[in-house]
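Below: one structure, written as structure tokens.
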Amino acid sequence: MTMEMILALGILILMIVMIMSDKFAFGAPPLLASLLLVVTGLSTVQEAFAGFVNPSVIMVAGFMVVMAGLMKTSLIGKVQSSMLALVNKGGYKSYAFLLVVVMLGASLAGTGSTGYYVLILSLISTIPYNKKMPTSKLMMPLGFATNHPLIPFNVALLYGVTVSVLETAGYTEGLSMSKFAVVNFILALGFLVWSLIAYRLLPDHPITEHSVYEEVAATTEILAMPKWKEYCTIAAFIVSVVGMMLMNLLDNAAYVIPGLAGAFLLIINVLDFKEVRDNMGAPVILMMAGVIGVADALANSGFTAMIGEFVANSLGTDIHPFILIFIFALLTSTCATFTGSNMGAVYIFAPIAIATSISLGLNPAAAAIAVVISGWNGGYMPVDGMPAMILGMGKYKLPQFWLFTVPMYLIRIFALCVGAIIMFPVN
């Protein structure tokens with residue numbers, strides 16, 4: 001290893017340790033890492049902070065603003081009402097419908113939406129015990145369902161991350177957003193199938209202190225917003241999604257359409273400037289932009305290519321591409337599960353997976369897609385975020401939690417890799 005490789009690796013490790021320590025704001029470690037890249041001479045200022053003018057980061061930042069506006073509409077309230085009505089009916093069919101309703105809601109919120117899963121888990125926790133449909137049978141499947149859009153048209157964040165890691169590796173052939181969405185759909189189907197099978201394996205116990213058979217009123221408080229503003233907000237959301245899906249036709253304009261839509265919401269006063277600023281500069285955006293410079297430095301030092309060649313040589317040239325992609329997806333999702341850092345895990349393993357694929361003469365798109373999406377599909381340990389909330393709010397014992405989450409995890413990763421290989425052939 002050269003001195004440049006050692007320095008770049010040291011900065012990467014420091015960034016990861018800072019992220020895992022939880023003593024720093026979420027977006028701060030990548031910013032410090034970028035500063036260290038400049039001080040050590042590994043990157044120029046322009047190279048270290050290139051992520052802040054990366055087209056994919058600009059696109060996702062604008063879309064975060066649009067999503068903040070969408071969350072103010074009555075659509076989320078309608079999801080709540082549908083859930084409560086189905087709980088009161090009870091039975092397996094209602095359980096299946098609830099899964100679909102929550103997954104349809106996730107189609108609007110997008111994968112990994114903290115606000116959405118907190119909303120759904122909080123709602124379930126307020127539902128009194130009902131023998132016809134115990135809430136302990138709802139907390140786990142519906143909680144994880146918030147991560148799986150049934151109609152995955154809102155894939156801007158994951159798509160942007162995938163494009164950025166591929167571009168960093170020198171991949172310039174482009175990536176179809178519609179095919180990327182199909183991969184997410186196959187993943188969602190895998191989760192849905194397991195959740196339908198697992199219904200009878202879920203425990204039956206109260207998670208609240210309310211009396212048995214107390215019925216929940218199917219009402220919900222909806223934020224007051226003039227109808228014309230709701231329609232404009234929904235239209236801005238649709239325009240943003242369509243614009244991003246037509247990226248191959250619109251070229252550079254596609255990257256700024258979400259930002260223009262966000263500006264429109266500011267003009268009509270759906271959002272104030274503070275909300276726009278906070279969402280465009282959200283910690284996840286700082287993380288996404290900051291780690292691009294670190295990934296570039298690793299690649300420029302030769303470290304990523306060296307690791308890729310080492311892994312390729314260790315696995316051998318006869319390894320099936322699916323097995324290779326499956327292994328990297330397992331590594332990434334496991335790292336994300338135990339560290340609680342989706343972005344951190346992705347930016348560690350994605351460059352290595354891409355470099356390994358290239359070393360074996362394979363198209364790296366499928367590996368990049370599987371690794372990026374897998375970063376949001378661990379959750380078999382209640383270590384951080386949503387899994388920890390599900391375990392605590394559902395009052396599950398750890399074996400009960402694992403009985404659902406371990407098979408779910410393996411099925412999801414398998415379905416993800418199958419979808420990636422089908423939609424983006426490696427040869």
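Hydrogens, waters and symmetry mates are skipped; everything else that's a heavy atom, side chains included, is used. Predicted model, so just to flag it, every value in this text is computed and none were measured. This chain uses plain numbering: 1 for the first residue, then up along the sequence.
Checked against side-chain contact (heavy atoms from CB on, under 4.5 Å), S333 has the following partners two or more places apart in sequence or in another chain: S374, Y409, I413. The salt bridge (Lys or Arg N to Asp or Glu O under 4.0 Å) search around K274 returns D278, not counting sequence neighbours. Scanning for ring pair (Phe, Tyr, Trp, His ring centres under 6.0 Å) contacts around F349 gives an empty result, with sequence neighbours left out.
A donor-acceptor pair is defined here as one N or O able to donate and one able to accept, closer than 3.5 Å; such a pair exists between the side chain of W402 and the backbone of Y380. Remark: the backbone N or O of A345 is not paired with any side-chain donor or acceptor of T332 at under 3.5 angstrom. Of the possible donor and acceptor atoms, none in the side chain of Q400 sits under 3.5 Å from a partner among the backbone N and O of P203. Using a distance-only test at 3.5 Å, with no hydrogens or angles considered, no donor-acceptor pair links the side chain of T73 to the main chain of G69. In this structure a side-chain-to-backbone donor-acceptor pair under 3.5 Å is present from Y396 to S136. Without hydrogens or angle criteria, H148 side chain to V102 main chain gives no donor-acceptor distance under 3.5 Å.
F401 is not listed as a side-chain neighbour of M381, based on a closest heavy-atom distance of 4.5 Å or more. Between Y159 and V372 there is no side-chain heavy-atom pair separated by less than 4.5 Å. Side-chain contact between T162 and F180 is present, with at least one heavy-atom pair separated by less than 4.5 Å. Using a 4.5 Å heavy-atom threshold, the side chains of L201 and F404 count as separate. The shortest side-chain heavy-atom distance between E275 and K72 falls under the 4.5 Å cut-off. Between F328 and I325, the closest side-chain pair of non-hydrogen atoms is not below 4.5 Å. Counting heavy atoms from C-beta outward, T405 and I390 have side chains that stay 4.5 Å or more apart. Counting only heavy atoms from C-beta outward, the side chains of M386 and N147 approach each other to under 4.5 Å.
In this structure, G62 and M280 approach most closely via the heavy-atom pair N-CE, 4.4 Å. Heavy atoms only, all atoms of each residue included: P364 and S357 are closest at CA-CB, 3.9 Å. The shortest non-hydrogen separation linking N279 to A68 is ND2-CB, 3.5 Å. Between V65 and G262 the shortest heavy-atom distance is CG1-CA, 3.7 Å. Between G290 and S34, the shortest heavy-atom contact is O-OG, 3.4 Å. Considering every non-hydrogen atom in both R412 and L187, the closest pair reads O-CD1, 3.2 Å.
Remark: K137 qualifies as a cation-pi partner of Y199 under the 6.0 Å distance and 45° angle criteria applied to the six-membered ring.
Within 6.0 Å of atom CZ in F185, 12 or fewer heavy atoms from other residues, nucleotides or ligands are found, so the atom counts as exposed in its surroundings. Other residues, nucleotides and ligands contribute over 12 non-hydrogen atoms within 6.0 Å of the NZ atom of K229. Annotation: F97, atom CZ; neighbour count of heavy atoms from other residues, nucleotides and ligands within 6.0 Å does not exceed 12. Within a 6.0 Å radius of OH in Y231, other residues, nucleotides and ligands contribute 12 heavy atoms or fewer. Within 6.0 Å of atom CZ in F414, 12 or fewer heavy atoms from other residues, nucleotides or ligands are found, so the atom counts as exposed in its surroundings.
Here the CD1 atom belonging to I422 is positioned 12.5 Å from the NZ atom belonging to K179, to the nearest 0.5 angstrom. Rounding to the nearest 0.5 Å gives a distance of 6.0 Å between CG of L158 and CG of N184. Here the CD1 atom belonging to I268 is positioned 4.5 Å from the SG atom belonging to C232, to the nearest 0.5 angstrom. Rounding to the nearest 0.5 Å gives a distance of 12.5 Å between CG of N363 and CG of L360. Between L175 atom CG and I369 atom CD1 the span is 4.5 Å, to the nearest 0.5 Å. L265 CG to F237 CZ: the interatomic distance, rounded to the nearest 0.5 Å, is 12.0 Å.
Side chains of Y347 and S164: a donor on one and an acceptor on the other come within 3.5 Å.
By the 30° and 60° cut-offs, the orientation of the rings of F52 relative to F49 is tilted.
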